[in-house]
Structures are given as C-alpha cells and as structure tokens.
There are 2 protein chains.
Amino acid sequence: MSARRKLESAAGVEAPGAGRGARKQMTRERLLDAALTLMSGGNSFPSLSLREVTREAGVVPTAFYRHFHDMDELGLALVEECGLTLRRLLREVRKAGVPTTDIIRHSVAIYLQYVRAHPRHFRTAASERNGGSPAMRQAIRNEVGHFVREMAQDLRLIGYRSDLPTEALEMICSLVINTMLNAASDILDLPADQPQLTRELEENFISQIRLVFLGAEQWRADPDVRHKK
Amino acid sequence: MSARRKLESAAGVEAPGAGRGARKQMTRERLLDAALTLMSGGNSFPSLSLREVTREAGVVPTAFYRHFHDMDELGLALVEECGLTLRRLLREVRKAGVPTTDIIRHSVAIYLQYVRAHPRHFRTAASERNGGSPAMRQAIRNEVGHFVREMAQDLRLIGYRSDLPTEALEMICSLVINTMLNAASDILDLPADQPQLTRELEENFISQIRLVFLGAEQWRADPDVRHKK
DNA sequence: ACTATATGTGCACACTTGTTCACAGACAGC
DNA sequence: GCTGTCTGTGAACAAGTGTGCACATATAGT
C-alpha cells in the first residue's frame, strides 16, 4: 500500500469519482498522515521538509499549498487532531463509568491501551509540547489546558473532593496529565521486545498516579503555609 | 559582541596567543554556545543546520568537523553540558542545607532562580527530552536518571522516609523532577512582561510539588492493592 | 451541454545544505 | 630555529529545499 502510493503518484487518479470536496479532504488527510508517519520514524516535526511530506503522501510538492500555507499550519492541524484523540480518550474513560475497586489501575489501563492504539498522536503531543515552534507549543498547551479543565469537571461530577475550589482540582489534574504524557513518551520509546521493562514502567507509572491522588486526598484548600512550621 | 563575531570571522585571529588546545576548546564552546543561542530563539535542535551553527559561531562550516563528526555529536555534548548544570543545581540545593521551615518553597525558589540563570540549558533539556533524535533522547534520559538517583540518595541522607525502599524513593523523585522540568518549560515560555502570570505559574508549581510530597508522606511501602478496596 | 473553477501536475528558479579537498598559518617538540 | 602537526580557511560540488507559474482535467453550477 505504501509502495502503491509511491508508484501511482496522481492522487486524483486513485479516487476519480468521489466528489470534489471529498477528494480534497482525502489528500489533506494524506498529508497529515504522512507527517505523522514520518515523525514516528525518528524524525521530529521541525525537521520535516515540505517536500518530504508531499513525497510520503504521494503528491507533488506544489499541491501542498492547496491545503496549507505553511508547514506550521500543517503542524497546527496536527495538534488539533491529537487534541481530538485526547478528547475521545476522555469520553472512553467516562463511558467506562466509575468502578468501585481500584479506579486508578483501571483508568490507567484504558489510557495505556489508548496510547498504544494511537502511538503517533501521543508521540507527537509529547514531543512537540516542548519542542516545536512557539506557535505549535502554544496550541498544544491550549489542548492540554482544555483537557485539564474537562478532567477537573469530571472529578467534580463524580463528587471527588467537592470541598476543593476548581483551581485546586485543575492543579491536581494538570499534574496527573503531565505525568500521563511523560509516561506515554517513555513507554513509546521502549523497544517492543522488552515486555519486562514495559511492565516495570507501567507499574512505576501507576505508582506515580496513585501517589498524586494520595496527596490529593490530603490536600487542604488553603494551607496558610507562612504560619505553619 | 555578536556583531563583532560576525565581522571578524577568523576565530584564530581573535585569540592569537592562548595555546593551541586552549583555543580549540574555545571554538568548541563557541559552537555549543551558538547552538544554544539559536535554540533559545524558537528553533529546535533537530531543525538546526550545521551551517547555521557555524555561522552563528563565527566560524567557517568546515571547521565544524574539527570538533564534531556530526550534528548529533554536538547534540550529545550539549546534553552533557545540561547535565552538568543540573548537577551543580543539586549541589547548590544541598549546600543550602535543610531549612526547618517550608523546605519545599525554599528549594523551589533556588530551582527557579537556577532556571532563570540558565534558561538555554533548561529549555534544551525540556525540549529535546521528548523531541530530539532517539540518541539524544536516550542521553537526556540517562542524565535525568542520574539526577533522580542522586536526589533519592539525598533524601536518604537527611532521613526522609527512611522506611521506604530505594525504588519507591526514586519513583517519588522521578515524579518531582518531571514536574520540575515541565514547570521550567512553561515558565521559560512566558512573555517576560507578565509578572502576574509568572507568579501564578510559580504558585501552581509549588502547589504541585507540595502535593507530591503530601502523597509521599502517606505512601505505603507495599500496598497490596488487590486486597484493598 | 458549456463554462468557470478548483485540485493536482510539471517545470523552473534561486537558495541552502552537508561534505570534500587543497591550502595557510600558528603552535609543539626536537 | 626548523619541521611536522593541528586548527581554521576558501572554493567547489551535488543534492535537497521552498515557491512561482502555466498547464491539465475533473467537477459543479448554469
């Protein structure tokens, strides 16, 4: 299939009867997909060239401009896609409901499963969160911010620490999510043939999340630290 | 000074009486410095070109090869430099001793001061930790790993949670350090003319660290989670 | 059915990039 | 002091890059 793409270069030839806008979106997605694929092979986004992407997508370089002004614009679109994945993940976890035993382990399991199902999205998110262009960083930060707020609201809804102000809940969630993203990056970097290391990393990850929630249970809304010794 | 560099391009002309090895190391450091400077201006390491670096360093492209085979090799040297900075930070904190009141706030203050004193090192560390080439990622992971172990040992020495196995202490420290690096990245990205936002971020950061240690105090060595409900 | 439009092609251009090679000058050891 | 060695220079090259332009061709609206 990849070879097929490379041989018959004409994107318009592959789907000659699908409506105009539909085909446009198809090649647009092919460009995005190409970028993701290239990134999952060691390359990082800022080092991708426009031509490289179009080549991988099976499209002539100039066709790129029909969809994006810039590589940066493609980057932003990518971030949006990753954000979408994140939100679907949240919905998935919500759907699973609130198990009575070992909530954390359960949620983490869903999370890890999701990470492995969308490795390219998570790698991109983790990698460009601090690395990419300033614009891309900001975009990712926004996405993560949304995620944090949604998660905090979810905790609200299930009545978790309902005595805390939203601010505090979001602080906690942000810590959790940072930990999640770091773990995703670590796990995706692991050689696939090391199930032992994988398990260790996962256990470590679970421990960290558990630790955070242990702290969260003890958190006091407004500790007046200056008078505390 | 930057202009001076660009005008008189000959590096050998600038310091004509300083010993051979010494001058070699000087231009080597200039190359490293150039890379750091370029990175602190939006560029990320993988997008740097060899020529760009030599240009900024005020050296002809071919001179690069006298110091590094590769850009990757320069990257590794950079990581080492960042690791050195991290270790000096740790020594600084150690030197400060163990204040009796509000240890966390105190340590965080030192940390933030350090981050602002070496912004380029911390940006690089945060950014290439997930973004760079696989080799660079691994190198950073090693440095961070050392840091984690040293910090865990320090906690040991001051008798913090001496009942816990080293493994658990390291898990805690790794969580702390992840949070530290994320915070560094966030803070360095902030527009400099927003002291209010800066303060909020710092407070949030302190809260997170505090939360982690709150959890750490409650952590049980071997919670048999399967029998716990 | 005819025409205008939008998507993808092909070619062109000016640049930048990494790397090779012969060369110049400063230093170190005899 | 002479000679060999090492660091930095300069010109050169092939390859890759972003982008502008005129062209094809399938589609949508009349």
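Below, chain A is the first sequence line, B the second, and so on; all start at residue 1. All values derive from a computational prediction rather than experimental measurement.
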Interatomic distance where [atom1] belongs to [X] and [atom2] belongs to [N] [whole Å]:
X: A/Met26; N: D/dT27; atom1: CE; atom2: P; value: 13 Å
X: A/Asp72; N: D/dG18; atom1: CG; atom2: P; value: 12 Å
X: A/Tyr65; N: D/dT17; atom1: OH; atom2: P; value: 12 Å
X: B/Arg28; N: D/dT7; atom1: CZ; atom2: P; value: 12 Å
X: A/Lys24; N: D/dA28; atom1: NZ; atom2: P; value: 14 Å
X: B/His69; N: C/dT20; atom1: NE2; atom2: C1'; value: 15 Å
X: B/Arg20; N: D/dT5; atom1: CZ; atom2: P; value: 11 Å
X: A/Met71; N: D/dT19; atom1: CE; atom2: C1'; value: 14 Å

Inset, instruction - Would you classify B/Phe64 as touching base, sugar-phosphate or nothing, given that sugar-phosphate means primed atoms plus P, OP1 and OP2, and contacts are heavy atoms under 4.0 Å? - result: nothing

Inset, instruction - Verify, without hydrogens or angle tests, whether B/Arg123 (side chain) and B/Ser40 (backbone) share a donor-acceptor contact under 3.5 angstrom. - result: no

Legend entry - Polar side-chain atom of B/Thr198 near backbone of B/Gln194 as donor-acceptor pair, under 3.5 Å: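 Present.
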
Legend entry - Quiz item: A/Arg23 side-chain donor-acceptor pair to D/dT27 base, under 3.5 Å: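 Side chain to base: no pair present.
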
Inset, instruction - Look at the side chain of A/Arg51 against the base of D/dG16 and say whether a donor-acceptor pair falls under 3.5 Å; ignore hydrogens and angles. - result: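 Donor-acceptor pair under 3.5 Å: no.
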
Legend entry - Whichever of B/Ala63 and A/Thr62 has its nearest DNA chain D nucleotide further upstream toward 5': B/Ala63

Inset, instruction - Count the heavy atoms belonging to other residues, nucleotides or ligands that lie under 6.0 Å from CD of A/Gln153, then report whether that count exceeds 12. - result: no

Legend entry - Phosphate-side-chain proximity, B/Arg66 and C/dT19, N/O vs OP1/OP2 below 4.0 Å: no

Inset, instruction - Find the distance between CG (B/Leu86) and CD (B/Glu150) and round it off to the nearest 0.5 Å. - result: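 CD of B/Glu150 is found 10.0 Å from CG of B/Leu86.
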
Legend entry - Plane angle bin for A/His118 and A/Tyr114 - parallel if under 30°, tilted between 30 and 60°, otherwise perpendicular: tilted

Legend entry - Selection from D/dT17, C/dT19, C/dG8 that lies nearest to any side-chain heavy atom of B/Pro61: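 In terms of side-chain proximity for B/Pro61, the closest of D/dT17, C/dT19, C/dG8 is C/dT19.
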
